[in-house]
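Naming convention: chains lettered A, B, ... in sequence-line order (proteins, then strands); numbering from 1 in each chain. All values below were derived from every heavy atom in this structure, side-chain atoms included, with hydrogens, water molecules and symmetry-related copies excluded.
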Amino acid sequence: MLIVVVPGASSAGGDADDATPLVGVRRVGQDVAPHGVVGEDRSVRWVWDDTAHWYSRLLADGVRVERCLDLRLAHRVLRDSLTSAGSVLARRASGPFDAPAEQGDALAGPDAPVALFEVRAPRERPDEAALLAEVADQDAALAGPGPDVRAAAAGRGAGPDVGPAHARLRLLVAAESAGALAAAEMRHAGLPWDREVHDRLLTDALGPRQGDARPPRMEELAARIRAELGAPRLNPDSMPDVLRELRRNGLPVTSTSKWELAGVDHPVVEPLLAYKKLSRLHTANGWAWLDRWVPDGRFRPDYVVAGVVTGRWGSSGGGAQQLPKQVRRAVRADDGWRLVVADAAQLEPRVLAGLARDDRMAEAGHGRDLYQGMVDAGVVASRDQAKVGMLGALYGGTTGSSAAVLPRLTRAFPAALGHVEAAARAGERGEAVTTLLGRTSPRPGVGWAQVQAAALGGAPGDDDAGPAAAGSADPAGQEARARAQSRAWGRFTRNFVVQGTAAEWALCWIAEVRRRLWALGEAGEPSRAPAPFARRPHLVYFLHDELVVHAPEQLADAVAVEVREAAVAAGRLLFRDYPVDFPLSLAVVRSYADAKG
DNA sequence: GCAATAAGCGCG
DNA sequence: AAAGCGCGCTTATTGC
């Protein structure tokens, strides 16, 4: 049964009227607890336009939902996917489900008082009829062609043999919705953060806090920099000023970036690099950050499911996906609890092996480090060569040591390298590419085609094109620009198929983990995690190929087993019986910094 | 005076 | 050593 969730009156939380035999409709008001709802019932699927909006309210009431359909996320996939391109949904004019995701509610912090007085116009939400119509359209788009058409297509043998394209698309939609539940739960629970440890770590590095003023260690370094450069009034935070003084002192640099500075021999380099390092820590994850984002011992960023074109999650608030290794010491489990930290080893090349059905590459990663396996197979001389070479292949690197090993990789793994190469060629032609489950890359913008056309035939009369028109008189320049642009888009599509499929694996992984954690039940003393997780292991962090579970110590080892088995299950969901492994590096720790990293 | 942009650096 | 892909965030600077 579906429970369709729509905005409701602020009275009477409990009654679900049966509009149709199959559909219950629940109206949830902002302040109304949905009494009598069994969220965990697997036979129920909650349907709503936006998981972040609705589920945060249910969780606030301690209600967990087992399954849902996030119509907005599914809509986005189905609109763009080549698999559903012929559907009514894909051809329709854009509507309410095409609106971007809404931002999570602002957190308490220095600017919260302002936000409280802001009159935020509530988003207009689709009503019951609109939701049900959308469900029907999505069902049709996911049903795919009839059995006869499918049989014919199967005969042509397009793509890996992992089931019909529409079945894969259904998996993607389901996984994305499950991911949305996990994202809401992670924000609800928060990443346990020890403010004292963080403060001590900052004081060790920067010296005692000086209010808003520059910390002592940075002030000392600033003085040394000024002395070395003979610039007593220099502000080391101003890049143009620093660059000017460096050049005035005869240093051959064109920027103040650390990699360029590192190659210069001058006594200012050491304090300047040290200053930049401390400055980064202070501005990005210093005391102000701590007060703003961890007011109560939990870090609650806003995860944006499919916030990245490739399907990866984005985040906003506090730089959740850029937590420096330096501060991870402050991520600590509650007393009597543990962090289970898991990281999928060499995820992207393994995904490519499965995607391209490259038997030799899959074999190289079987039961061992994939890069070491390439060394053992005699393909490359060192693990580092394998790694750099594969990254170059995935990103489209054309220079340096990466390009040097590319021919050897191409010879050893023709299917894998051919797959990304084909994706690159398609992108260079301006075509779309798809991931294993059917997520489809965006097409290049209108300006892209204009540049290509101009280079090919001297497109007439478009030199009114504004910002892009610079240099359009020069045919050679036009051609060079067109080629550079074409290759750039090819690098994007090359990476899209791998990064996007890896994101799909990760979605399946997290969905499996989430389900299995709940099944482990309760244990130990309550932590400071809110209901319904106070005595249950729960997800607290996710970073592309890595996740962290907060678990009662009695359950930590069981959690580790489930996390591993979930990775195996994710591989099966995507690649069926194809023998590609997804091993994890896994650690049960008190502090995030104690995981290998 | 405020908004958009660039540089730089953190993460995968 | 970075490069080649994808991001978010902060500061300084530029543009209106």
Side-chain angles (χ1 to χ4, degrees), chain A residues 103 214 235-244 253-264 272-273 275-286 288-289 292-293 301-328 343-349 351-352 384 387-406 420-421 423-424 427 433 435 439 441-442 467 484 487-503 505-506 541-547 592 597:
Chain A
Q103 280 236 304
R214 189 179 276 148
N235 170 14
D237 292 320
S238 170
M239 288 178 295
D241 292 359
V242 170
L243 182 58
R244 199 183 56 239
V253 290
T254 59
S255 77
T256 64
S257 66
K258 66 177 178 187
W259 65 266
E260 190 167 358
L261 285 171
V264 172
L272 186 51
L273 289 178
Y275 181 89
K276 287 160 76 79
K277 178 92 179 156
L278 292 186
S279 173
R280 169 80 192 184
L281 174 64
H282 180 237
T283 57
N285 296 100
W289 180 91
R292 169 100 170 78
W293 295 108
D302 197 15
Y303 293 97
V304 186
V305 176
V308 178
V309 277
T310 58
R312 274 186 173 181
W313 293 12
S315 74
S316 72
Q321 293 174 320
Q322 302 123 264
L323 292 179
K325 301 241 158 90
Q326 222 178 346
V327 306
R328 294 186 183 184
D343 180 312
Q346 308 100 38
L347 177 59
E348 292 196 349
V351 160
L352 175 58
D384 196 57
K387 180 175 178 173
V388 169
M390 276 312 298
L391 289 179
L394 299 179
Y395 296 159
T398 56
T399 59
S401 51
S402 157
V405 287
L406 209 53
V420 286
E421 203 58 36
V433 297
T435 60
R439 194 187 304 275
S441 66
R487 287 191 179 149
W489 198 261
R491 287 193 299 275
F492 166 61
T493 52
R494 168 195 295 270
N495 187 246
F496 182 94
V497 297
V498 178
Q499 187 183 120
T501 305
W505 180 90
Y541 190 60
F542 174 61
L543 187 57
H544 309 314
D545 60 359
E546 181 175 346
L547 58 77
Y592 191 10

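- Both key distances under 3.5 Å define a Watson-Crick or G-U pair, and stretches of 3 or more such consecutive pairs in DNA chain C run B:1-12 with C:5-16.
- A syn base is found at C:dG4: its glycosidic angle is within 90° of 0.
- Using modelled atom types, one side-chain atom of A:Trp289 and one backbone atom of A:Gly318 make a donor-acceptor pair closer than 3.5 Å.
- Looking at heavy-atom distances under 4.0 Å, A:Leu347 makes no contact with the nucleic acid at all.
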Review point. Does the pair A:Asp241 and A:Arg244 meet the rule for a salt bridge (charged side-chain N to carboxylate O under 4.0 Å, His left out), with working shown?
Key: CA-CA 5 Å; A:Asp241 292 359; A:Arg244 199 183 56 239; 3.4 Å; yes
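- Counting to the nearest Å, the P atom of B:dG12 and the OH atom of A:Tyr303 are 13 Å from each other.
- Mapped onto DNA chain C by nearest heavy atom, A:Ser315 and A:Gly396 fall at different nucleotides, with A:Gly396 at the one closer to the 5' end.
- One N or O on the side chain of A:Lys276 and one on the backbone of A:Thr256 form a donor-acceptor pair closer than 3.5 Å.
- A distance-only check finds no donor-acceptor pair linking the side chain of A:Glu348 to the backbone of A:Ala502 [under 3.5 Å].
- A straight line from CG of A:Leu243 to C1' of B:dA7 spans 11 Å, rounded to a whole angstrom.
- Nearest nucleotide to the side chain of A:Glu546, out of B:dG12, B:dG8, B:dG10: B:dG12.
- Using a 4.0 Å heavy-atom distance criterion, A:Gly263 is classed as making no nucleic acid contact.
- Each of A:Asn495 and A:Gly318 was assigned the nucleotide of DNA chain C with the nearest heavy atom; the assignment lying further toward the 5' end belongs to A:Asn495.
- Within the nucleic acid shown, A:Leu543 comes within 4.0 Å of sugar-phosphate atoms alone, with no base atom in reach, counting heavy atoms only.
- Backbone-only engagement by A:Arg491 is indicated by non-hydrogen atom pairs under 4.0 Å involving sugar-phosphate atoms exclusively.
- Between the C1' atom of B:dA7 and the CH2 atom of A:Trp259 lies a distance of 13 Å, rounded to the nearest Å.
- A:Trp505 places none of its side-chain heavy atoms less than 4.5 Å from the side chain of A:Asp545.
- Without hydrogens or angle criteria, A:Thr501 side chain to A:Val498 main chain gives no donor-acceptor distance under 3.5 Å.
- Within a 6.0 Å radius of CZ in A:Arg214, other residues, nucleotides and ligands contribute more than 12 heavy atoms.
- Heavy atoms of A:Gly307 sit nowhere under 4.0 angstrom from any nucleic acid atom.
- Note on A:Ser279: nothing from the nucleic acid sits closer than 4.0 angstrom, heavy atoms only.
- Chain A approaches DNA chain C over the interval C:dA2 to C:dT13, counting the first and last nucleotide 5' to 3' with an atom under 4.0 Å from its heavy atoms.
- With sequence neighbours left out, the side chain to side chain contact (heavy atoms under 4.5 Å, CB included) criterion links A:Val309 to A:Pro442, A:Phe492.
- Counting any heavy atom pair closer than 4.0 Å across all strands shown, A:Gly319 reaches sugar-phosphate atoms only and no base atom.
- A:Val498 comes within 4.0 angstrom of no nucleic acid atom, judged by non-hydrogen atoms across all strands.
- For the pair A:Asp545 CG and B:dC11 C1', the computed distance is 10 Å after rounding to whole Å.
- Following rounding to the nearest Å, A:Phe542 (CZ) and B:dG12 (C1') show an atom-to-atom distance of 10 Å.
- Judged by distance alone, the side chain of A:Thr283 and the main-chain N or O of A:Ser279 form a donor-acceptor pair under 3.5 Å.
- Using a 4.0 Å heavy-atom criterion, one finds that A:Ser402 contacts the bases of the nucleic acid, with or without backbone contacts as well.
- Using modelled atom types, one side-chain atom of A:Tyr541 and one backbone atom of A:Ala320 make a donor-acceptor pair closer than 3.5 Å.
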